[in-house]
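Order of listing sets the numbers, starting from 1, for every ligand and every atom in it.
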Amino acid sequence: MTRLQRLFLLICFHFATQVFSEAPPALPQEVLFDNWQVTWTPASEENNVTYTVRYSSSFSFDSDLWEDVPSCKQVNFTSCNVTLIKAEAEHGCVMLGVQAESRGLTSDLVRACSRQGNSCSPKVGLSARPGFLTVHLSRHSGIAQEGYHIKQRIYFGKEGERLETYEDAVASVSINNLKAGERYCAKVQYTYFDHPVGVASCDKCEVIPPSDPGTKTIESTFAIVPVLVILIPIIAYLWLFQRKRIKEWLQPSYKMPNALIMEASDLAHIQISTNSPTEELDDITSMELRGQ
Ligand SMILES: *[C@@H]1O[C@H](CO)[C@@H](O)[C@H](O)[C@H]1NC(C)=O
Ligand SMILES: *[C@@H]1O[C@H](CO)[C@@H](O)[C@H](O)[C@H]1NC(C)=O
Ligand SMILES: *[C@@H]1O[C@H](CO)[C@@H](O)[C@H](O)[C@H]1NC(C)=O
(Lines give C-alpha, C1' and ligand atoms only; values in the text may rest on other atoms or scores of the structure.)
(Ligands and ions follow the chains in the order given, each with its own letter.)
Protein backbone atom coordinates (compact mmCIF):
# COMPACT_ATOMS: atom_id res chain seq x y z
CA MET A 1 0.00 0.00 0.00
CA THR A 2 1.52 3.31 -1.03
CA ARG A 3 1.46 6.39 1.13
CA LEU A 4 -1.02 7.99 -1.22
CA GLN A 5 -3.42 5.03 -0.91
CA ARG A 6 -3.13 5.12 2.89
CA LEU A 7 -3.81 8.85 2.88
CA PHE A 8 -6.84 8.32 0.65
CA LEU A 9 -8.27 5.65 2.99
CA LEU A 10 -7.64 7.86 5.99
CA ILE A 11 -9.52 10.74 4.36
CA CYS A 12 -12.42 8.41 3.48
CA PHE A 13 -12.57 7.05 7.03
CA HIS A 14 -12.46 10.54 8.51
CA PHE A 15 -15.21 11.71 6.16
CA ALA A 16 -17.40 8.67 6.92
CA THR A 17 -17.15 9.10 10.70
CA GLN A 18 -17.87 12.81 10.30
CA VAL A 19 -21.06 12.08 8.31
CA PHE A 20 -22.12 9.31 10.68
CA SER A 21 -21.63 11.37 13.82
CA GLU A 22 -23.63 14.21 12.35
CA ALA A 23 -26.57 12.08 11.31
CA PRO A 24 -29.63 12.69 13.47
CA PRO A 25 -30.83 9.73 15.55
CA ALA A 26 -33.12 7.18 13.93
CA LEU A 27 -36.87 7.83 13.98
CA PRO A 28 -38.89 6.46 16.87
CA GLN A 29 -41.16 3.59 15.73
CA GLU A 30 -44.75 2.56 16.50
CA VAL A 31 -45.76 5.90 17.95
CA LEU A 32 -49.18 5.29 19.50
CA PHE A 33 -51.63 7.51 21.32
CA ASP A 34 -54.36 5.90 23.40
CA ASN A 35 -55.92 6.86 26.73
CA TRP A 36 -53.83 10.06 26.93
CA GLN A 37 -50.67 8.02 26.92
CA VAL A 38 -48.08 8.23 24.11
CA THR A 39 -45.90 5.17 23.62
CA TRP A 40 -43.15 4.38 21.12
CA THR A 41 -40.31 1.96 20.49
CA PRO A 42 -36.70 3.06 19.97
CA ALA A 43 -35.41 2.51 16.45
CA SER A 44 -31.84 1.71 17.45
CA GLU A 45 -29.70 0.47 20.29
CA GLU A 46 -28.02 3.86 20.41
CA ASN A 47 -27.15 5.14 23.86
CA ASN A 48 -27.91 8.62 25.12
CA VAL A 49 -30.97 9.08 22.94
CA THR A 50 -33.76 11.10 24.46
CA TYR A 51 -37.30 11.66 23.22
CA THR A 52 -39.62 14.62 23.26
CA VAL A 53 -43.38 14.42 22.80
CA ARG A 54 -44.79 17.42 20.94
CA TYR A 55 -48.35 18.53 20.31
CA SER A 56 -50.33 20.91 18.14
CA SER A 57 -53.74 22.18 19.18
CA SER A 58 -55.90 21.12 16.28
CA PHE A 59 -58.56 23.80 16.36
CA SER A 60 -56.02 26.61 16.13
CA PHE A 61 -55.86 25.79 12.36
CA ASP A 62 -52.15 26.49 12.63
CA SER A 63 -50.98 22.92 12.25
CA ASP A 64 -47.33 23.99 11.98
CA LEU A 65 -47.35 25.31 15.53
CA TRP A 66 -45.91 22.45 17.55
CA GLU A 67 -44.99 22.72 21.21
CA ASP A 68 -43.26 20.38 23.64
CA VAL A 69 -45.41 18.56 26.15
CA PRO A 70 -43.66 19.93 29.28
CA SER A 71 -43.71 16.64 31.20
CA CYS A 72 -42.38 14.68 28.20
CA LYS A 73 -39.34 16.71 27.24
CA GLN A 74 -36.05 14.88 26.56
CA VAL A 75 -37.07 11.77 28.43
CA ASN A 76 -35.07 8.53 28.30
CA PHE A 77 -38.09 6.22 28.60
CA THR A 78 -40.51 5.14 25.88
CA SER A 79 -43.93 6.24 27.09
CA CYS A 80 -45.33 9.44 28.47
CA ASN A 81 -48.58 10.49 30.13
CA VAL A 82 -49.95 13.53 28.27
CA THR A 83 -53.07 14.04 30.42
CA LEU A 84 -51.71 17.53 31.14
CA ILE A 85 -52.59 18.85 27.66
CA LYS A 86 -56.13 17.45 27.79
CA ALA A 87 -57.39 20.81 29.02
CA GLU A 88 -56.07 22.49 25.87
CA ALA A 89 -57.55 19.92 23.53
CA GLU A 90 -61.12 20.79 22.51
CA HIS A 91 -63.11 17.55 22.26
CA GLY A 92 -59.80 15.75 22.73
CA CYS A 93 -58.58 17.12 19.39
CA VAL A 94 -54.84 17.47 19.46
CA MET A 95 -52.10 16.20 17.17
CA LEU A 96 -49.18 14.45 18.79
CA GLY A 97 -45.76 13.31 17.69
CA VAL A 98 -42.42 12.12 19.05
CA GLN A 99 -38.89 13.08 18.02
CA ALA A 100 -35.56 11.59 19.06
CA GLU A 101 -32.54 13.60 20.13
CA SER A 102 -28.91 12.63 20.39
CA ARG A 103 -25.71 14.71 20.65
CA GLY A 104 -27.70 17.86 20.06
CA LEU A 105 -29.23 16.51 16.83
CA THR A 106 -32.96 16.04 16.43
CA SER A 107 -34.82 13.55 14.23
CA ASP A 108 -37.98 14.33 12.31
CA LEU A 109 -41.23 14.25 14.23
CA VAL A 110 -43.14 10.97 13.92
CA ARG A 111 -46.90 11.48 14.19
CA ALA A 112 -48.76 9.33 16.64
CA CYS A 113 -51.73 7.23 15.56
CA SER A 114 -54.58 5.78 17.59
CA ARG A 115 -55.53 2.11 17.64
CA GLN A 116 -58.48 2.31 19.98
CA GLY A 117 -59.94 5.61 18.84
CA ASN A 118 -61.10 8.38 21.15
CA SER A 119 -63.33 11.45 21.06
CA CYS A 120 -61.22 12.93 18.23
CA SER A 121 -59.72 9.80 16.63
CA PRO A 122 -61.95 7.66 14.42
CA LYS A 123 -62.38 3.99 15.12
CA VAL A 124 -62.08 2.25 11.78
CA GLY A 125 -63.10 -1.14 10.44
CA LEU A 126 -62.01 -2.63 7.10
CA SER A 127 -63.58 -5.41 5.08
CA ALA A 128 -62.16 -6.77 1.86
CA ARG A 129 -64.29 -8.32 -0.93
CA PRO A 130 -63.23 -9.33 -4.44
CA GLY A 131 -62.33 -6.08 -6.21
CA PHE A 132 -63.02 -3.67 -3.38
CA LEU A 133 -62.36 -2.58 0.15
CA THR A 134 -64.96 -1.04 2.45
CA VAL A 135 -63.88 1.37 5.18
CA HIS A 136 -66.45 1.35 7.98
CA LEU A 137 -66.60 4.61 9.88
CA SER A 138 -68.16 5.27 13.23
CA ARG A 139 -68.45 8.69 14.72
CA HIS A 140 -67.70 9.38 18.36
CA SER A 141 -69.90 11.66 20.37
CA GLY A 142 -67.11 14.12 21.31
CA ILE A 143 -66.38 15.63 17.92
CA ALA A 144 -69.92 15.08 16.63
CA GLN A 145 -70.98 18.12 18.66
CA GLU A 146 -69.23 20.26 16.05
CA GLY A 147 -71.92 19.18 13.58
CA TYR A 148 -71.68 18.80 9.84
CA HIS A 149 -68.40 20.66 9.41
CA ILE A 150 -66.82 17.48 10.69
CA LYS A 151 -65.87 14.89 8.09
CA GLN A 152 -63.64 11.88 8.06
CA ARG A 153 -60.69 11.87 5.70
CA ILE A 154 -59.87 8.39 4.46
CA TYR A 155 -56.30 7.93 3.28
CA PHE A 156 -55.64 4.75 1.36
CA GLY A 157 -53.04 3.00 -0.75
CA LYS A 158 -51.00 -0.14 -1.16
CA GLU A 159 -49.16 -1.45 1.86
CA GLY A 160 -45.66 -0.02 2.12
CA GLU A 161 -46.54 3.13 0.19
CA ARG A 162 -47.32 6.42 1.85
CA LEU A 163 -51.07 6.77 2.18
CA GLU A 164 -51.47 10.01 0.28
CA THR A 165 -54.64 9.48 -1.74
CA TYR A 166 -57.66 10.53 0.25
CA GLU A 167 -61.38 10.99 0.12
CA ASP A 168 -63.60 12.88 2.56
CA ALA A 169 -66.70 11.11 3.77
CA VAL A 170 -69.36 11.20 6.45
CA ALA A 171 -70.40 7.57 6.08
CA SER A 172 -68.64 4.35 5.15
CA VAL A 173 -66.83 4.26 1.82
CA SER A 174 -65.94 1.55 -0.68
CA ILE A 175 -62.77 1.78 -2.73
CA ASN A 176 -63.24 -0.06 -6.02
CA ASN A 177 -61.13 -1.62 -8.79
CA LEU A 178 -58.58 -3.16 -6.44
CA LYS A 179 -56.35 -6.04 -7.50
CA ALA A 180 -56.87 -9.45 -5.96
CA GLY A 181 -53.98 -10.66 -3.81
CA GLU A 182 -52.70 -7.12 -3.11
CA ARG A 183 -52.68 -5.75 0.41
CA TYR A 184 -54.24 -2.31 0.78
CA CYS A 185 -54.23 -0.04 3.81
CA ALA A 186 -56.37 2.80 5.06
CA LYS A 187 -56.28 5.28 7.91
CA VAL A 188 -58.82 7.89 8.88
CA GLN A 189 -58.55 11.32 10.43
CA TYR A 190 -61.26 13.79 11.34
CA THR A 191 -61.37 17.10 9.49
CA TYR A 192 -62.99 20.31 10.64
CA PHE A 193 -63.67 22.80 7.83
CA ASP A 194 -61.30 20.64 5.73
CA HIS A 195 -58.45 20.89 8.25
CA PRO A 196 -57.21 17.62 9.73
CA VAL A 197 -57.83 17.57 13.47
CA GLY A 198 -56.82 15.08 16.11
CA VAL A 199 -54.71 11.97 15.93
CA ALA A 200 -55.35 9.74 12.89
CA SER A 201 -56.28 6.09 13.26
CA CYS A 202 -53.39 3.67 12.78
CA ASP A 203 -53.08 2.01 9.35
CA LYS A 204 -55.32 -0.99 8.87
CA CYS A 205 -54.58 -3.36 6.02
CA GLU A 206 -56.43 -6.15 4.23
CA VAL A 207 -55.64 -8.46 1.33
CA ILE A 208 -58.14 -8.33 -1.53
CA PRO A 209 -59.47 -11.88 -1.98
CA PRO A 210 -59.66 -13.45 -5.46
CA SER A 211 -63.14 -13.52 -6.98
CA ASP A 212 -64.76 -16.80 -6.04
CA PRO A 213 -66.45 -18.63 -8.99
CA GLY A 214 -69.37 -19.36 -6.63
CA THR A 215 -70.11 -15.69 -6.14
CA LYS A 216 -70.00 -15.14 -9.91
CA THR A 217 -73.00 -17.40 -10.47
CA ILE A 218 -74.85 -15.55 -7.71
CA GLU A 219 -73.94 -12.28 -9.41
CA SER A 220 -75.21 -13.48 -12.77
CA THR A 221 -78.43 -14.69 -11.10
CA PHE A 222 -78.80 -11.21 -9.73
CA ALA A 223 -78.17 -9.81 -13.21
CA ILE A 224 -81.22 -11.75 -14.47
CA VAL A 225 -83.47 -10.17 -11.85
CA PRO A 226 -83.53 -6.68 -13.42
CA VAL A 227 -84.23 -8.25 -16.82
CA LEU A 228 -87.23 -10.10 -15.37
CA VAL A 229 -88.39 -6.97 -13.58
CA ILE A 230 -88.58 -5.24 -16.97
CA LEU A 231 -89.94 -8.18 -18.97
CA ILE A 232 -92.78 -9.26 -16.65
CA PRO A 233 -94.70 -5.95 -16.75
CA ILE A 234 -94.29 -5.78 -20.55
CA ILE A 235 -95.70 -9.28 -20.98
CA ALA A 236 -98.46 -8.55 -18.49
CA TYR A 237 -99.29 -5.30 -20.28
CA LEU A 238 -99.46 -7.00 -23.66
CA TRP A 239 -101.57 -9.81 -22.18
CA LEU A 240 -104.05 -7.55 -20.42
CA PHE A 241 -104.43 -4.60 -22.74
CA GLN A 242 -103.01 -5.39 -26.11
CA ARG A 243 -104.96 -8.63 -26.31
CA LYS A 244 -107.97 -6.40 -26.69
CA ARG A 245 -106.27 -4.37 -29.41
CA ILE A 246 -105.05 -7.47 -31.18
CA LYS A 247 -108.59 -8.81 -31.17
CA GLU A 248 -109.80 -5.45 -32.50
CA TRP A 249 -107.34 -5.66 -35.32
CA LEU A 250 -108.59 -9.10 -36.16
CA GLN A 251 -112.32 -8.24 -35.94
CA PRO A 252 -114.39 -5.63 -37.79
CA SER A 253 -114.97 -2.82 -35.25
CA TYR A 254 -118.52 -1.90 -34.22
CA LYS A 255 -120.08 0.15 -31.46
CA MET A 256 -121.83 -1.66 -28.66
CA PRO A 257 -125.33 -0.57 -27.68
CA ASN A 258 -125.45 0.84 -24.11
CA ALA A 259 -128.31 -1.48 -23.15
CA LEU A 260 -126.14 -4.47 -23.86
CA ILE A 261 -123.36 -3.15 -21.59
CA MET A 262 -125.86 -2.83 -18.72
CA GLU A 263 -127.17 -6.29 -19.32
CA ALA A 264 -123.67 -7.71 -19.57
CA SER A 265 -122.47 -6.18 -16.29
CA ASP A 266 -125.62 -7.45 -14.51
CA LEU A 267 -124.97 -10.85 -15.92
CA ALA A 268 -121.33 -10.75 -14.86
CA HIS A 269 -122.37 -9.85 -11.33
CA ILE A 270 -124.79 -12.70 -11.08
CA GLN A 271 -122.42 -15.18 -12.63
CA ILE A 272 -119.44 -14.24 -10.43
CA SER A 273 -121.52 -14.39 -7.25
CA THR A 274 -122.57 -17.92 -8.09
CA ASN A 275 -118.96 -18.83 -8.81
CA SER A 276 -119.73 -20.66 -12.04
CA PRO A 277 -118.20 -18.82 -14.96
CA THR A 278 -119.31 -20.01 -18.35
CA GLU A 279 -118.10 -19.68 -21.88
CA GLU A 280 -120.93 -17.28 -22.55
CA LEU A 281 -119.91 -14.97 -19.67
CA ASP A 282 -116.35 -14.81 -20.95
CA ASP A 283 -117.62 -13.64 -24.31
CA ILE A 284 -119.87 -11.01 -22.81
CA THR A 285 -117.27 -9.54 -20.44
CA SER A 286 -114.72 -9.34 -23.20
CA MET A 287 -117.29 -7.54 -25.34
CA GLU A 288 -117.97 -5.14 -22.47
CA LEU A 289 -114.27 -4.35 -22.21
CA ARG A 290 -114.11 -3.69 -25.89
CA GLY A 291 -117.09 -1.38 -25.82
CA GLN A 292 -115.66 0.94 -23.14
C1 LIG B 1 -23.86 9.93 27.29
O2 LIG B 1 -23.90 11.27 27.73
C3 LIG B 1 -23.12 11.52 28.87
C4 LIG B 1 -23.26 12.97 29.26
O5 LIG B 1 -24.28 13.61 28.58
C6 LIG B 1 -21.65 11.18 28.60
O7 LIG B 1 -20.87 11.35 29.73
C8 LIG B 1 -21.57 9.73 28.09
O9 LIG B 1 -20.24 9.44 27.72
C10 LIG B 1 -22.50 9.48 26.93
N11 LIG B 1 -22.46 8.08 26.54
C12 LIG B 1 -22.33 7.66 25.30
C13 LIG B 1 -22.30 6.16 25.10
O14 LIG B 1 -22.23 8.41 24.34
C1 LIG C 1 -32.62 7.89 32.44
O2 LIG C 1 -32.08 9.08 32.96
C3 LIG C 1 -31.88 9.06 34.37
C4 LIG C 1 -31.35 10.42 34.79
O5 LIG C 1 -32.06 11.43 34.18
C6 LIG C 1 -30.96 7.94 34.76
O7 LIG C 1 -30.84 7.86 36.15
C8 LIG C 1 -31.49 6.61 34.23
O9 LIG C 1 -30.58 5.57 34.45
C10 LIG C 1 -31.75 6.71 32.74
N11 LIG C 1 -32.34 5.48 32.28
C12 LIG C 1 -32.01 4.86 31.16
C13 LIG C 1 -32.78 3.63 30.83
O14 LIG C 1 -31.11 5.28 30.45
C1 LIG D 1 -51.71 10.19 33.84
O2 LIG D 1 -51.65 11.27 34.75
C3 LIG D 1 -52.87 11.61 35.35
C4 LIG D 1 -52.64 12.82 36.25
O5 LIG D 1 -51.84 13.76 35.66
C6 LIG D 1 -53.40 10.42 36.14
O7 LIG D 1 -54.66 10.74 36.66
C8 LIG D 1 -53.50 9.21 35.20
O9 LIG D 1 -53.90 8.09 35.92
C10 LIG D 1 -52.20 8.95 34.53
N11 LIG D 1 -52.37 7.87 33.57
C12 LIG D 1 -51.58 6.80 33.52
C13 LIG D 1 -51.92 5.78 32.49
O14 LIG D 1 -50.64 6.66 34.27
*Asks:* To check your reading of the model: name the closest protein heavy atom to atom 13 (C) of ligand 3, its residue, and the distance in Å.
*Replies:* Gln37 OE1, 3.2 Å
*Asks:* Is the closest basic N to carboxylate O distance between Arg115 and Glu30 below 4.0 Å?
*Replies:* yes
*Asks:* Nearest protein heavy atom to atom 5 (O) of ligand 3, by residue and atom, and its distance?
*Replies:*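 Looking at atom 5 (O) of ligand 3, the protein heavy atom closest to it is Thr83 CB, 4.2 Å.
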*Asks:* Would Asp168 and Arg153 pass as an ion pair if we require N to O under 4.0 Å?
*Replies:*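 Yes.
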*Asks:* Between Thr52 (side chain only) and Gln74 (backbone N and O only), is there a donor and an acceptor less than 3.5 Å apart?
*Replies:* yes
*Asks:* Determine, for Glu182 against Lys158, whether the closest basic-nitrogen to carboxylate-oxygen distance falls under 4.0 angstrom.
*Replies:*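 Counted as a salt bridge, because a side-chain N and a carboxylate O are separated by less than 4.0 Å.
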*Asks:* How far is atom 6 (C) of ligand 3 from its nearest protein heavy atom, and which residue and atom name does that atom have?
*Replies:*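 In this structure, atom 6 (C) of ligand 3 has Asn81 ND2, 4.1 Å as its nearest protein heavy atom.
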